[in-house]
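Counting starts at 1 for both ligands and their atoms, following the listed order. Atom set for the values below is all heavy atoms of this structure, side chains included, hydrogens, waters and symmetry mates excluded.
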Amino acid sequence: MIKDELQALKRNWEEGYFPQWLVLDPEVYELEQEKIFGKTWLFLGHESELKKPGDYITRMMADDPIILTKNKKEEIKAFLNSCSHRGTRLCTEDYGNKKAHTCPYHGWTYSMDGDLIGVVAGNKLFGEKMDKSEWGLRQVPRVESYQGMIFGNFDKGAISLEEYLGDMKWYFDIMLGRSNGGMEVRGVPHRWIAKANWKMTAENFAADPYHVQSTHRSAVEMDLTPTSDPMYASYGHQVVLDNGHGINVITSSTGESANKYQGLPEYLWSEFEGNLTKDQLDVFSKVTNFVGGVFPNLSFISTGSGSEETKHNHINFRVWRPIGPDKIEISVWYMIDKDLSEDYKEKSYKGFLNTFGAAGTLEQDDTEIWARIVEASQARMARDRKLSYNNVINYLMGLDNLQQDKEFPGPGIAYPTCYTDHIARSMHEYWLELMTKEEGEET
Ligand code: FES
Ligand SMILES: [Fe+2]
């Protein structure tokens, strides 16, 4: 029984050692769907994607097709995208604007509030037993937003989104709440399928700047990243947050940045200074890259990488949606401050496309490595389930030689380098805690 095996693993858990069989095991995958994706807050989209009443977008929330709508009262609602009649997918477009959704199968119609408002020849064909008010679309049990970021949760009894995000909110405020107009998603999210396990992609962004100097070597050679110093992604702080979240606040080797506020233009600085606290401004003025993750599978990077022409700040958020132990669907949202000039946005968008868009150089480097992790983890020796030290992978970096930096101005447990596995170990612990948690038990 997988549950017993995981309980045994928990009892014998040794920090820094992660059994490789956990990466691709199909029973682990099934249990993750129930214990992790069925219980935690999952990112669905950004409020700027739903501008006016009648706007809708369709998304996947773990395995469930979801439709998000903006109703007449400008409230955002989220429903299972499945008709209540025979269950077919109601809406097949990615986005649009409508007064109502009509099912392609037998023509039932639903309002933007999810109510069933039209049944073809309903009066003639259905008797008294059919009460339309009982046949609306099924709502996602919980939908909440923070800084425009919309999340859903299948678990009615889950803690609130804000409580779940905890201290990550402080960093979200810097990235998303700094300017008066807020952020907007430009274009539609890029979406593609990759051979990878979601745990490995999530940890790559949240917890692993160490890979940058090697995996992305070609970016240095092509002058897309600023320096050939192999430690260049280590400077700054790795910050461990609650609930498996984490962020790397990367600076230059001096602890500063050559470009204040990530090189964003001066005409926005007074907005930043009006919206952020002194400590947030201190961090924001020195950072070159923020890169991190919200457990389980939302990651982000706020960076200025790109060629000289396109070197402008850009933020992208990405969901690694598992569609099997060895396969994920990647969705990437590019976001930018609404108050920036069109010219800046255009250059920044090109910088994003060159680096972290679906065909971006940096994205391709990582995708190749993640596929190789899958290939090698299929090996008989890697799948050996006995608890021993020759079938684990290594997360020992910084384990016993690194002191917390108590002077760091932001919340969380900050370590004075980003080349450490502190966030990865915290993600593993939270993963195991959720995987072994029984119904009704507190974490
Ligand atoms: S399945 Fe939608 S109307 Fe029949
Ligand atoms: Fe990478």
Side-chain angles (χ1 to χ4, degrees), residues 58 65 67 79-93 98 100-111 114-122 124-126 130 132 134-138 194 196-222 224-226 230 232-234 238 246-248 250 288-293 299-306 314-318 320 328 330 332 351-352 354-373 418-419 421 423-424:
T58 55
I67 179 162
F79 308 101
L80 182 66
N81 187 8
S82 170
C83 179
S84 308
H85 183 217
R86 292 290 157 78
T88 191
R89 193 177 286 215
L90 174 65
C91 176
T92 52
E93 295 107 359
K98 279 183 185 171
H101 286 281
T102 298
C103 178
Y105 202 0
H106 312 90
W108 285 20
T109 298
Y110 300 87
S111 74
D115 298 328
L116 177 62
I117 51 173
V119 174
V120 177
K124 292 199 188 94
L125 303 175
F126 291 86
M130 169 77 184
K132 280 216 297 275
E134 288 171 358
W135 293 93
L137 297 174
R138 284 153 281 187
N197 176 268
W198 73 271
K199 294 187 281 300
M200 308 314 279
T201 50
E203 75 162 42
N204 171 283
F205 266 69
D208 190 2
Y210 181 46
H211 81 281
V212 175
Q213 39 77 34
S214 180
T215 306
H216 301 300
R217 182 78 212 150
S218 58
V220 172
E221 283 159 10
M222 285 160 58
L224 289 173
T225 41
Y232 75 90
S234 74
Q238 180 165 107
I247 185 167
N248 296 273
I250 301 177
T288 53
N289 298 284
F290 286 117
V291 55
S299 296
F300 56 83
I301 179 164
S302 165
T303 180
S305 55
H314 49 86
I315 299 182
N316 66 83
F317 277 82
R318 47 200 40 239
W320 322 101
I328 55 172
I330 305 176
V332 180
F352 157 70
N354 288 341
T355 51
F356 289 102
T361 353
L362 300 173
E363 194 70 46
Q364 294 303 310
D365 296 336
D366 289 319
T367 312
E368 179 61 33
I369 293 284
W370 297 331
R372 293 183 203 169
I373 294 177
C418 298
Y419 285 1
D421 287 329
I423 294 174

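Counting only N and O atoms by type, the side chains of Trp108 and Ser84 include no donor and acceptor under 3.5 Å apart. Side-chain contact check for His211 and Asp365: no donor-acceptor pair (N or O, by modelled atom type) lies under 3.5 Å.
Comment: Lys199 does not engage Glu203 in a salt bridge, judged by the lack of any side-chain N to carboxylate O separation of less than 4.0 angstrom.
With a cut-off of 2.8 Å, the protein N/O/S atoms near the Fe ion (ligand 2) add up to 4.
Atom OH of Tyr105 is surrounded by 12 or fewer heavy atoms from other residues, nucleotides or ligands within 6.0 Å. In this structure, Tyr210 places its OH atom where only 12 or fewer heavy-atom neighbours from other residues, nucleotides or ligands lie under 6.0 Å away.
Distance check, rounded to the nearest 0.5 Å: CG of Asn289 to CZ of Phe300 gives 11.5 Å. With rounding to the nearest 0.5 angstrom, the CD1 atom of Ile369 is 4.5 Å from the OG1 atom of Thr215.
For Gln364 (side chain) and Ala358 (main-chain N/O), a donor-acceptor pair under 3.5 Å exists by modelled atom type.
Counting heavy atoms from C-beta outward, His101 and Phe79 have side chains that stay 4.5 Å or more apart.
Of all protein N/O/S atoms, those under 2.8 Å from atom 4 (Fe) of ligand 1 are His85 ND1, His106 ND1, and waters are not counted.
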